[in-house]
Structure formats: structure tokens, C-alpha cells
Amino acid sequence: MADLETFRAEAGAWLNANCPPEMRVPFDGEDAITWGGRNWVFRSEAEKVWLERMAAKGWTVPEWPREYGGASLSRDEAKVLREEMGKRKCRSPVESFGIWMLGPALLKYGSHEQKLEHLPKIARGEIRWCQGYSEPGAGSDLASLQTKAEDKGDHYLVNGQKIWTSYADKADWIFCLVRTNKDAPKHEGISFLLFDMASAGVTTAPITLISGASPFCQTFFSDVKVPKGNLVGQLDKGWDIAKYLLTHERDMIGGGSGGMFASRPLGQIAAQYAGQDGGVLEDGMLRAKIAQLELDAWAFSLAVDRGRDLAKAGQGLGAYSSVLKYYGAEVNKRALELVMDSMGSDALEWEGKRSKEGKTARDWLRTKANSIEGGTNEVQLNIIAKRILALPGA
Amino acid sequence: MPLVLTDEQEMMRDSARGFLAEHAPIAHFRKIRDSRDPLCFSRDLWKTMAEMGFAGVLVPEAFGGVGLGYVEAGIILEEAGRTLTPSPMLSTALVAVTVLARFASEAQKTALLPGIAKGERIVALAVDEGAKHKPEGIALSAKRAGNGFRLDGRKGFVLDGAAADTLIVAARTAGAPGEISGITLFLVDAKAKGVTAEQTIMVDNRNAARFTFEGVEVDGGAVIGEVDGGWAALEAGLNAGRAGAAAELVGAGGEVFERTVAYVRERKQFGKLIGEFQGLQHRLAHLYTEMEIARATSLKALQMLDEKPDAAGPYVALAKAKTGEIARLASQEGVQMHGGMGMTDDLDFGIFMKKIRVTQEIFGDANFHTDRIARLRGY
Ligand SMILES: Cc1cc2nc3c(=O)[nH]c(=O)nc-3n(C[C@H](O)[C@H](O)[C@H](O)COP(=O)(O)OP(=O)(O)OC[C@H]3O[C@@H](n4cnc5c(N)ncnc54)[C@H](O)[C@@H]3O)c2cc1C
């Protein structure tokens, strides 16, 4: 405990000295995130310096081992660091699919060479990754994927199509599920491949979302040559890696590292737009819904803490990430519905400066994906029914 | 504090579970209910629970208790919620002991706590005056008379009131209903002149009573803490009761849930186990999720009462609101997924439903506590 307090004091002092003031304002939505990558254009010197300093400390991925770009912090130390950053409103220096998803999977399943090659670049924000899982015919039923990789002696030859590949047009590399054995049962012929998006034969076409943004793409592979050393784990044994990675994706979506998009407490938003009388919102129906949502969101954050503590105590359940993903997605969707209710017609403006080009409405529409991306809520309920409740036929 | 039980607490849970399974399974509750025993619980069982250290779980060792914390008290109540064990645990061992141990004088503690820890003395809190919990609305008046006070007014929904030896009566000594200052707590002998009790057996066969106080005279030594300044002690007692009720709701809801999952795994219709129907699977998975969320709030509230009692209020409100709502959902799904069987008194689901309905009402329902949080957050 004393050590932890020493660490807290040191971390706090370091953050005070090193986090530029411009990096001490909360994110207002996904657009403000630093994603990094070969083509990343820093929006300010402060953003760049902040990333460099944090990366040098190993604090962009504090729990990863030092040799792979982390700081080898314990879970408790990492929590303290998050808390100290939170107190100072320090922005996360870099967020990425590499940090959230690929890193944990490589740490568990990658070879030492693969870790040495890829992890430090993720930690420093130099290489941006995308996730090649979903296909037009393989969404919830992911294991029915058809993109294939054939063994050509010194390389694999990849052909097929992915869809909903977030940021495929901006990413440098892809972690991709491919079928390497079409005769095996569907879960047993899948492999986990890494390759450069600049390889010959890779093309992307952006898809426009209901929010108007185009963060994701169709991704096509035509005779893409992938070196053999880029296979993670064993041939045909990629499904376990794929699932392991998904639990990290779910933790991230559910566990609130994206957090609530509502930038201010809902009660304040409602007070400003819908009116308040004697310290109580005028609209009693809205007030009740907001209060219920706030309780659920608070209860949820305690369940997230408890999930971490259970895992640490060795009592964790693999499928707990589904519990949190399911509930977190619903809470976030409800929160933005209530922001819309509170702000009324002001939230419906789509263009112009006053509405920051319809920011509220766009945020609201973005949350609808929470219960689809990373496995739909129905799929999470299926997983809970099967893996935790052991219901028949689930 | 991590949101998991320590090894010692796990052991305590196992021993409470073993004890209740042996001495107070649901058959015990049924026997008391069906024999129309007016006490609604068993004094013998309560004495044995006292020997186990349950009655004195929160009583300091100096006064004959075991001096453990709220997490431990919650563990006992959660297990008692699973077996529907009737006992004065909530009223006496949590609410009354909290008020007395933290706010009473040495003389008052010496007079009351050892008897509580032995399972001999039952002490009930008289707070509510209307059908809904509204502690700041206390109107029962206590006027200075001689070197003491004279109490006039009514109380209702006094848990274990019909069994109590001593009452802690929340009365108004100044100010007007709606104000939190001007409230004073008094120790009143349940048999004192002018005290009339009307037992009100509740839908879950719980011991409770309505009281009328007519010119009840008490001396200055009956005041707990400060005159006009009883709110903090009242709140502390209520919060202990609320967190205890939350733990009991987690236990009762959890038991209903587990039994329902077991049932859908064995009942067949349309040539299939009904647990194969996705319509039921998703509702059970949803309920599981909600139960896990509720469980986290309950444990957090109990830990806060142990670690930072003065900051625990909002956590307790959260826990009482969430567990009440979710245990109700569990009881409803439990009955529904058992079909006609769920509606029979032979199965226990109706009994759980009644118990949960009453427990969620105790010291404020989900609406009350949700409103409290909204006010605390300034809307
Ligand atoms: C914003 C966003 C970003 C994404 N980013 C990526 C990415 O980077 N990489 C990637 O690979 N994928 C990505 N995805 C894809 C995502 O994982 C899939 O959309 C998701 O898994 C669902 O697949 P689907 O769209 O084919 O829907 P379908 O599987 O066709 O589902 C349609 C509906 O049927 C329901 N359903 C399906 N099966 C069952 C069942 N067994 N029981 C009950 N209901 C069922 C679903 O719940 C859903 O409501 C992203 C999606 C979104 C929205």
C-alpha cells in the first residue's frame, strides 16, 4: 500500500511536469482521439509531445512488459496512474485497436519475434491497426467466414472480402481472420494473420454511417502475398485467438474506456434546456428517467470495478466481458436518447456552427452501434446463456 | 477495498449458509407461518443465531458482541434471504445496534447491547408514520414535561414491533414536518403506559406493528444523543437497515434466479427443454446481468458503511434502489417461468415474491432512493 502511495505521488508529479495544458481537456467524442500511425497528422505540438513523453515512459500501455514498450506496471499501479490522469483531466495520449485488442492477443499468443516487432510500434503510436473479422456473409456467425489463405510454400496467398472494417482506409496493418482449411469443421480451419495494408492487392472502399461519418470500409483482398512468419499461433488454430481478442474488444466497449459520450451530467443538460424549478427539473417524467439512467450507469461502473477485482482474485468468468458489454451498450444508448430528449429541437439541428455541425445528433446516432459492434447484444445474451448459465441448446 | 469478499468473509458465508440450511430452511419459515405463530419467528432459533455471533455481529466486543462489520452482517442477511429465515436480524442487529453503538451513552449501551448480543432483547425502530417512507416528515411530538418528555402520535410499519422489548422512537421536538432538524430519538419501553401496539402481520408473514403513543412519559435518560439533533443517528440506523435489506434482496433474488435456471433446464414442452427457447434464454441472461450489477452495488454499500460511514449515504441509496428493482424482476420472472406451478403455494416462488415485495419497501423503495440521488446531484 505504501509503495502504491509513493507511486501515486511520483506519477502525479511527473504528470504535472509533463502533460501539456492543451492535453488537459476532456475528449469530446471519437474525433478528438489520437490514433497514431504512419500517416497521422498531429493537430498540435502538444499532442505530439504528449504522446512522445508518455511512450518514452512506457505509459501508453502501462501494464505491458518493458521490453515490448510498456512500463511493466502492476494492475494496481496502472489503476493509480489512470486515477491520477483522471484527476488532472489528462487525455489519453494514444488509443488504438493495437492497444485495445491486438496487443493483449499477441502478448498471449504471439512469438517473441512477433511481440518485439509489433508491440513497441503500437506502444509508440507508430503503426495503426484495423480488425479484419466480419464479412458480408459472416457477422454474428463469424466462424462461417470465407476469406481464404492458401499455402504457397514461402508465403500465404489471401483472397476474399471483409466488411465493416473500422478505419481500414487509415490503418497501416490488419489483423485478419482467414480460412486455411475448408474441409475442417468451421471453427477449426481458421487462422490469425497479420499483414501490411500497403501490400499489393489490398483495396478499401469507405461506407457512410447514419451519423454521416465514414469510419468503416469494405476491404478487398486480391492475391495478397503474406509472409509465413506473419501467422500468429498455429495454422488452423486461430479461433481461440480470435475469441480471446474479442473479450478485450468487449471489455473496451463495455468497460467504458470510450465512456459515456454525454460530456456533461445529464441533469445539468436537462436543467439548461428543459428548465428547472426550485432545484428540481420541471419535467418530472424526464427527471425520473434521467435519475434511473444515472443510477444504472453508476451501478454499472461498480460492476466494472468488481469484474476487475474478481479477475484479480482469480474468480473471474471468461464471459463476464459479455455481461459488461451488453449492459454498457444499453446504458450508453439510453444516455444519448435522454440527451436528445433533454435538448429537444436544439439537438435536431444537423448543420451550422451553433450545433457544431449536428454534434449531438451525430453522437446519438453513433451510440446505436454500441450494441452491434464487437458482437451484437443478442449475441452477448447467447454467450451468457451458454457459457455462464449453461442453458440447453444455447 | 476490492469488490470481492476476503477469505475470512467467504468462510463466514459458508458457515452461515451451512447453519441456515440446517436450522432454518424454508420449511422452518413454513412451519411458523402455517402454525400462525404470532411472533412470526422463533426465539429459540434467534438464541442459536446469537450463539453463532449473528445477533451481536455489529456489537462491540466490550458489550458482548463479536465486533465485525457491515459486510459480515450483509453476508448473514444475504444467506437468510436465500432461506427466507425469519428473525429480528435487520431490525435489531443492524438498525438498533447501529444507532446504539454509534450514538448512545455508555449507560444506554451497557443496558441494551449485551442483551441484544445474547439474542434476548429485541429493539425496534419506530420511524414511519404514513404508508410511504418519509423520515424527514416525522410529526409524532415529544414535548418537555418535568425533567423528561411526553410523546404523542402514531407510528406504523415498525419491523418486529410486536416482539420488541424496547422501541427507538423518532419524534419531533422542534421545527415542522419536512425539516431534518428538530428530530430526537427516544428509547421507550414497549410496555410503557400509553403505548398501544396493533400487530400487523405482513404479506410475507413478517412481524410488524402499528403503534399509538398517548401521553407516554419518558425521562431525560431516554434521549439518544442530542435533543433536536437526532437526524444523524436516525440516518445511520436507516442506512444500516437499507444496506442490510439490499443484501437480503440480493440473496432472495439470487435464490429465485438460480432455481429458475434449474427449472428451465428440466421442464419439457413442445418436445424440448424450455431452456432451449431463446425467448427465455435472453430474459434469463438479462436477469443474470442485472443481478450482477445489483450485487456490486450492495457489496459496495456495505464496504462504504465499514470504511467511510459518513460518505456511504448515496451508495446505500443506489444499492437499495437497484437491488429492490432487480429482486422484484427476479421474483416476477421466477413465477412466470414456472407457469401454473409458479402460482402455487407448494412451490416457494410466491413466498419469495412476497418477501421481496416487503423488503424492497423497507426504509424507502427504489423511487424514494432514486429521487434522493437526483436531489443530491442537483436536479
Ligand atoms: C460501428 C461499427 C464498427 C465495426 N467495426 C468492425 C471492425 O473493425 N472489424 C470487423 O471485423 N467488424 C466490425 N464491425 C462489424 C460487427 O462486428 C458486426 O456488424 C456484428 O458482429 C454483427 O454482424 P452483422 O452486421 O452481419 O449482423 P447479423 O449477424 O446479420 O445480425 C442481424 C441481427 O440478427 C441478430 N442475430 C444474429 N444471430 C442471432 C442469433 N443467433 N440469435 C439471436 N439474434 C441473432 C443480431 O443480433 C442482429 O440484431 C463493426 C460494426 C459496427 C456497427
Side-chain angles (χ1 to χ4, degrees), chain A residues 76 265-271 274 276 279-281 286-288 290-296 298-317 319-320 322-327 330-331 377-378 380-394, chain B residues 1-7 10 257-258 260-262 264-266 268 272-278 280-301 303 314-315 317-319 321-323 325-326 366-367 369-379:
Chain A
D76 287 336
L266 280 168
Q268 280 179 26
I269 300 178
Q276 191 149 8
V280 167
L281 291 178
L286 179 61
R287 176 174 182 269
I290 289 177
Q292 273 162 352
L293 179 273
E294 289 206 338
L295 255 68
D296 287 348
W298 185 14
F300 171 68
S301 74
L302 294 177
V304 171
D305 289 347
R306 183 160 171 272
R308 283 201 194 108
D309 294 338
L310 282 170
K312 198 174 156 194
Q315 300 169 28
L317 292 171
Y320 211 75
S322 293
V323 170
L324 298 179
K325 158 80 170 54
Y326 165 65
Y327 202 83
E330 289 304 322
V331 165
N377 271 10
E378 291 75 17
Q380 306 312 323
L381 292 173
N382 287 346
I383 292 172
I384 296 166
K386 177 178 179 161
R387 303 253 299 276
I388 299 181
L389 305 182
L391 293 178
Chain B
M1 197 61 196
L3 278 172
V4 288
L5 298 182
T6 63
D7 290 344
E10 294 271 4
F257 173 72
E258 284 161 28
T260 304
V261 170
V264 305
R265 285 204 201 113
E266 65 186 33
K268 275 192 169 168
K272 284 182 174 177
L273 295 168
I274 59 172
E276 292 180 58
F277 298 121
Q278 199 181 47
L280 297 189
Q281 289 180 347
H282 280 193
R283 275 160 57 189
L284 286 167
H286 171 78
L287 182 54
Y288 173 82
T289 300
E290 290 277 15
M291 291 286 313
E292 283 300 303
I293 306 280
R295 193 177 284 283
T297 66
S298 155
L299 183 53
K300 181 73 181 185
Q303 288 183 348
Y315 290 89
L318 173 68
K322 267 319 271 182
T323 56
E325 193 191 343
I326 298 319
N367 294 338
H369 290 290
T370 307
D371 177 75
R372 259 178 91 199
I373 300 284
R375 279 176 202 279
L376 283 172
R377 293 190 173 185
Y379 60 92

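For B/Glu258, no part lies under 4.5 angstrom from a heavy atom of chain A. No part of B/Arg283 comes within reach of chain A, as not one of its non-hydrogen atoms sits under 4.5 angstrom from that chain. Contact of A/Asn382 with chain B is made through backbone and side chain together, with heavy-atom distances under 4.5 Å. With a threshold of 4.5 angstrom between heavy atoms, A/Ala390 approaches chain B through its backbone and through its side chain. Proximity to chain B involves both the backbone and the side chain of A/Ile290, based on heavy atoms less than 4.5 angstrom apart. For B/Tyr315, the parts sitting under 4.5 Å from any heavy atom of chain A are the backbone and the side chain alike. In this structure, chain B has no heavy atom under 4.5 Å from any part of A/Gln268. In this structure, the portions of A/Ala394 lying under 4.5 Å from any heavy atom of chain B include both its backbone and its side chain. Heavy atoms closer than 4.5 Å to chain B are found nowhere in A/Leu286, neither backbone nor side chain. Proximity to chain B (any heavy atom under 4.5 Å) is shown, for A/Gln292, by both the backbone and the side chain.
Nearest approach of B/Gln281 to A/Gly393, heavy atoms of both residues: NE2-C, 4.1 Å. Across all non-hydrogen atoms, the minimal contact from B/His286 to A/Leu381 is N-CD2, 3.8 Å. Annotation for A/Leu391 and B/Leu284: closest pair CD1-CD1, 4.1 Å, computed over non-hydrogen atoms.
In this view, A/Lys312 and A/Asp76 satisfy the salt bridge (charged side-chain N to carboxylate O under 4.0 Å, His left out) rule, not counting sequence neighbours.
With respect to chain B, the highest number of heavy-atom pairs below 4.5 Å among A/Ala299, A/Ala385, A/Ala271, A/Ala288 belongs to A/Ala299. Ranked by heavy-atom pairs shorter than 4.5 Å toward chain A, the options B/Ile293, B/Leu273, B/Val261 are led by B/Ile293. When each of B/Leu318, B/Leu280, B/Val4 is checked for heavy-atom pairs under 4.5 Å with chain A, B/Leu318 comes out on top. Options A/Gln315, A/Gln380, A/Glu378 differ in how many heavy-atom pairs under 4.5 Å they form with chain B, and the most are formed by A/Glu378. With chain A as the partner, the residue from B/Ala321, B/Gly275, B/Ala317 showing the most heavy-atom pairs under 4.5 Å is B/Gly275. Counting heavy-atom pairs closer than 4.5 Å to chain B, the top residue among A/Ile384, A/Asp305, A/Ile383 is A/Ile384.
With contacts defined as side-chain heavy-atom distances shorter than 4.5 Å, the pair B/Asp371/A/Arg287 qualifies. Contact of the B/Tyr379 side chain with the A/Glu294 side chain is registered, since non-hydrogen atoms from C-beta on lie closer than 4.5 Å.
The environment of A/Arg387 atom CZ is sparse: at most 12 non-hydrogen atoms of other residues, nucleotides or ligands sit within 6.0 angstrom.
Counting only residues at least two apart or in different chains, salt bridge (Lys or Arg N to Asp or Glu O under 4.0 Å) contacts with residues 285-294 of chain B comprise A/Arg306-B/Glu292, B/Glu290-B/Lys322, B/Glu292-B/Arg295.
To the nearest 0.5 angstrom, B/Arg377 atom CZ is 6.0 Å from A/Trp298 atom CH2. We find the CG-OG1 distance between A/Leu302 and B/Thr297 to be 7.0 Å, quoted to the nearest 0.5 Å. Taking CD1 of A/Ile388 as the reference point, atom OH of B/Tyr288 lies at 4.0 Å (rounded to 0.5 Å).
At distances below 3.5 Å, not a single donor-acceptor pair connects side-chain atoms of A/Arg308 with backbone N or O atoms of B/Pro2.
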